[in-house]
There are 2 protein chains.
Amino acid sequence: MQDITGLELSPKKVEYLKFLFKKGGLVRTTDISTQLQVDPSTSTKTIGDLAGTGLVEHIPYRGVRLTETGLKYAEFLVNRHNILSLMLSHYGLSAEEACKETSRFESLVSKAAVDKICTSMGHPMTSVCGKIRHVSCGVP
Amino acid sequence: MQDITGLELSPKKVEYLKFLFKKGGLVRTTDISTQLQVDPSTSTKTIGDLAGTGLVEHIPYRGVRLTETGLKYAEFLVNRHNILSLMLSHYGLSAEEACKETSRFESLVSKAAVDKICTSMGHPMTSVCGKIRHVSCGVP
DNA sequence: CAAATATGTTGGCCATATGCCAAACATATG
DNA sequence: CATATGTTTGGCATATGGCCAACATATTTG
């Protein structure tokens, strides 16, 4: 179960999962396309890919929802985002800058590194862009 | 001249430029393919792309060399790598870990962010993986 | 110096990730 | 139930990165 590296998903797919997590419940593919600013057909296709990984469940014409595995994974993704943004904000980047910057590269930062950063920062509870839940963050 | 965002090049091309910078002078495409562990034909092709951007000059069957522009840009790339690695090393990552981690995502970190991080760290002269030259690092 | 060997390049082809458009299809509403 | 709206499918396109086999160029050596 803890064999996740954090590098499983491509940048866009990370966005999808984070959005599904924040939205919660059954989400329409159109909501996703609106949010991520892509064509509805694009979100449908990408959701198809994600469904293939078992992270989401797609009920055609109804919507998408995170599976149990997907939920845990998405939680890690959101925490990673928040931890990295918080780190950057310590170097003079504004909340918005940090958040935007992180969004660009977060998909390439390993869970191992995030865990160390998190530990080093003393497991903060809040970041510049949201709360942090210390579940998937390994050792203390 | 200072309109670089730091996001101009794809990950692999960043690796190529950093290698050319470190090696210096005329570099054989085969050296590149050995170093980056790709087929020689792959390095030749990628070098062709880079030549199209004006960052390198390719003399067929002879080698590749950074242009003046390429040299300055590569210096930024190396500095970015070093600054980011140094930052990560402050969070409990070993030199090797920091360096490896940085290599994965560095191409997606903007010059604007790097400049702020650099300033915030007080313009350090050395990192965990090499010296830092404060030329392309903007304001103090 | 020419033949043999080593090195480098080209062309063809493949895979992944993303994306759009138009057409088909399903669902919801009046 | 007919039409409007929402969703999916299929076709196609781009960018990045990669391999192999065939060809071109250099270098080495007899």
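Throughout, a chain's letter reflects where its sequence line sits, starting with A, and its residues are numbered from 1.
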*Got a donor-acceptor contact below 3.5 angstrom from the A/T46 side chain to the A/S43 backbone?*
no
*A/D49 CG to C/dA15 C1': how many Å, rounded?*
13 Å
*Would you check if there is a donor-acceptor pair between the side chains of B/S85 and B/T102 at a distance under 3.5 Å?*
yes
_Atom-pair distance (CG on B/L108; C1' on C/dA17), nearest Å_ = 14 Å
*For the side-chain contact (heavy atoms from CB on, under 4.5 Å) test, which of B/I83, B/L7, B/L84 pairs with B/V109?*
B/L84
*Contact list for residues 24-42 of chain B, test salt bridge (charged side-chain N to carboxylate O under 4.0 Å, His left out), sequence neighbours left out*: B/K23-B/D31
*Within this structure, what is the CG-to-C1' distance between A/L9 and C/dT18, rounded to whole angstrom?*
15 Å
_Does any part of the side chain of A/K111, heavy atoms only, come nearer than 4.5 Å to the side chain of A/D3, both counted from C-beta?_
no
*Tell me which residues in residues 18-27 of chain B put a heavy atom below 4.0 Å from DNA chain D, sorted by number, or none.*
none
_A/H123 side chain vs A/H134 backbone, donor-acceptor pair below 3.5 Å_ = no
*To the nearest Å, give me how far apart CG (B/L7) and P (D/dA15) are.*
17 Å
_Quick check against the 3.5 Å criterion: does B/T67 have a side-chain atom that pairs as donor or acceptor with the backbone of B/G54?_
yes
_When you compare the side chain of A/L86 with that of A/T126, does any pair of heavy atoms fall below 4.5 Å?_
no
*Mark up nucleotides 19-27 of chain C, 5' to 3', with B wherever a protein heavy atom is under 4.0 angstrom from a base atom, S wherever such an atom reaches only the sugar-phosphate, and - elsewhere.*
BBB---BSS
*Does a nitrogen or oxygen in the side chain of B/S10 sit under 4.0 Å from OP1 or OP2 of D/dA15?*
no
*Rounding to a whole Å, what distance do you find between B/H58:NE2 and C/dT7:P?*
16 Å
